[in-house]
There are 2 protein chains.
Amino acid sequence: MNDKDRRSMPLFGIGIVMKLTELTARQIRYYEENELIHPERTAGNQRLFSFNDVDRLLEIKNYLDKGLNLAGIKLLLSEEDVKVIPVQEKKQAEISKRELREILKSEISGAGRFGKASLRQGELSRFFVNR
Amino acid sequence: MNDKDRRSMPLFGIGIVMKLTELTARQIRYYEENELIHPERTAGNQRLFSFNDVDRLLEIKNYLDKGLNLAGIKLLLSEEDVKVIPVQEKKQAEISKRELREILKSEISGAGRFGKASLRQGELSRFFVNR
DNA sequence: AAACGGATGTTAGGTTACCTTACATTACAT
DNA sequence: ATGTAATGTAAGGTAACCTAACATCCGTTT
């Protein structure tokens, strides 16, 4: 089992995730409803979150603190996802859109007063050998 | 927050621990009853396990597979605990006992056919930066 | 100002997961 | 054969979680 597997293992119930992220259950479920996260489910339909999910929630929280709305955050996060995909044919229109998002993202990520989160975004990844 | 804290954070419900260790709930509770592990509890009295707890359970399972009984395992594990304590005055009798255990332990640890555990003992620690 | 929509709170009713306790079983040692 | 350690299983109860619905707060639009 490699780190990638470990990071995506469904481990945490929503209660623990609430503590780790200082988000309410309502918020977490709402973000899932809006497809910002996609936690696994137990056989009995209860959510099980991975380290990746928690990291993602911390990012979401971070961006929300900076005034972004969920639609914008969704764009930013999906942008991160496609970056993982190796080579990919892309239409001209898409490229400019993506570049735009890149700019937006670096702008936003810069100016951050810190919130009251117990875990800074990215800190959770220190659970792992490789980042 | 350092790695030591992370390793002892109460994160997992018993259901997840069952999957991680391939132990039954009955077994896990029994080991707690016999003071081999000491998981935290939620406000509602439900067990919450840390990475350390899971590692410990994997060790327990390992030793059980080798034919040790819980009393022996408890000794071995407590032996590991005291090793963390830095310098410590010790009586003559205790020393020989501990040496005996050391020998026992290295003997046992050697000859291991592998069980059907999904996680080898020690593997879980790879969740962390420092081992 | 009023209406709207996004994000979150709250409540209700139902289900799943977990709790302890007690008794049954299995396997090994005496 | 009896005893004990380790585990299974069942019952009854509680905690944690689920969805759905409605309420609230707040910034934006009309």
Side-chain angles (χ1 to χ4, degrees), chain A residues 9-50 53-54 56-77 108 115-117, chain B residues 9-50 53-54 56-77 108 115-117:
Chain A
M9 281 184 69
L11 294 173
F12 310 113
I14 201 172
I16 297 158
V17 176
M18 289 174 61
K19 289 177 196 160
L20 287 174
T21 61
E22 293 185 348
L23 295 167
T24 66
R26 182 68 172 92
Q27 286 176 298
I28 296 168
R29 294 183 187 124
Y30 186 65
Y31 303 155
E32 183 191 17
E33 196 179 321
N34 284 269
E35 304 195 281
L36 296 179
I37 49 171
H38 304 86
E40 298 283 320
R41 299 283 181 136
T42 67
N45 199 37
Q46 303 199 182
R47 273 163 268 251
L48 279 186
F49 299 82
S50 67
D53 292 326
V54 178
R56 210 174 163 85
L57 285 170
L58 289 171
E59 287 192 77
I60 293 169
K61 180 171 183 169
N62 212 334
Y63 286 132
L64 279 174
D65 282 347
K66 288 173 179 164
L68 292 235
N69 63 11
L70 290 195
I73 296 171
K74 187 172 178 177
L75 272 184
L76 289 178
L77 293 185
I108 296 165
K116 54 282 190 301
Chain B
M9 281 185 71
L11 295 173
F12 311 112
I14 201 172
I16 297 158
V17 176
M18 289 173 61
K19 289 177 194 161
L20 287 175
T21 62
E22 291 185 349
L23 294 167
T24 65
R26 182 68 172 91
Q27 287 177 297
I28 296 168
R29 293 183 188 123
Y30 187 65
Y31 303 154
E32 182 190 20
E33 198 179 320
N34 285 269
E35 305 196 278
L36 295 179
I37 49 171
H38 304 85
E40 299 283 320
R41 299 283 182 137
T42 66
N45 199 36
Q46 303 201 182
R47 272 164 270 252
L48 279 186
F49 299 81
S50 67
D53 292 326
V54 177
R56 210 173 163 85
L57 284 170
L58 289 171
E59 287 192 76
I60 292 169
K61 180 171 183 168
N62 212 334
Y63 286 131
L64 279 174
D65 282 346
K66 289 173 180 164
L68 292 235
N69 63 11
L70 291 194
I73 296 171
K74 188 172 177 179
L75 273 183
L76 288 177
L77 293 184
I108 295 165
K116 54 288 193 298

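Owing to the predicted nature of the structure, the values given are computational and were not obtained by experimental measurement. Just so you know, these numbers use all the heavy atoms, side chains as well, and skip hydrogens, waters and symmetry mates. Quick note on labels: first sequence line is chain A, next is B, and so on, each numbered from 1.
The CZ atom of A:Arg41 sits 16 Å away from the P atom of C:dT15 (whole-angstrom rounding). Distance, B:Phe49 CZ to C:dA17 P: 16 Å, rounded to whole Å. Counting to the nearest Å, the P atom of D:dG8 and the CD1 atom of B:Ile28 are 11 Å from each other.
The CG atom of A:Leu64 sits 4.5 Å away from the OH atom of A:Tyr31 when rounded to the nearest 0.5 Å. In this structure, A:Ile28 CD1 and A:Ile37 CD1 are separated by 6.5 Å, a value rounded to the nearest 0.5 Å. The CZ atom of B:Arg56 lies 4.5 Å from the CG atom of B:Leu77; values are rounded to the nearest 0.5 Å.
Taking 4.5 Å as the limit, every side-chain heavy atom of B:Leu23 sits out of range of all side-chain heavy atoms of B:Ile60. Side-chain atoms of B:Arg41 and B:Gln46, non-hydrogen and from C-beta on, never get closer than 4.5 Å to each other.
Proximity of a side-chain donor or acceptor of B:Asp53 to a complementary backbone N or O of B:Ser50 within less than 3.5 Å is detected. With hydrogens and angles disregarded, no donor-acceptor distance shorter than 3.5 Å links the side chain of B:Lys19 to the backbone of A:Pro10. Looking at B:Asn62, its side chain never comes within 3.5 Å of a backbone N or O of B:Leu58 through a donor-acceptor pair.
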Write out a two-atom table: protein N or O, nucleotide N or O from nucleotides 6-12 of chain C, distance below 3.5 Å.
| from | atom 1 | to | atom 2 | distance (Å) |
| --- | --- | --- | --- | --- |
| C:dA7 | OP1 | A:Leu70 | N | 2.7 |
| C:dT8 | OP1 | A:Gln27 | NE2 | 3.0 |
| C:dT8 | OP1 | A:Tyr31 | OH | 3.0 |
| C:dT8 | OP2 | A:Tyr31 | OH | 3.0 |
| C:dT8 | O4 | A:Arg26 | NH2 | 3.0 |
| C:dG9 | OP2 | A:Thr24 | OG1 | 2.6 |
| C:dG9 | N7 | A:Arg26 | NE | 3.1 |
| C:dG9 | O6 | A:Arg26 | NE | 3.3 |
| C:dG9 | O6 | A:Arg26 | NH2 | 3.0 |
| C:dT10 | O4 | A:Arg26 | NE | 3.4 |

Name the pairs: protein N/O against N/O of nucleotides 12-17 of chain D, kept only if under 3.5 Å.
| from | atom 1 | to | atom 2 | distance (Å) |
| --- | --- | --- | --- | --- |
| D:dA15 | O4' | B:Gln46 | OE1 | 3.4 |
| D:dA16 | OP1 | B:Thr42 | OG1 | 3.0 |
| D:dC17 | OP1 | A:Gly15 | N | 2.9 |

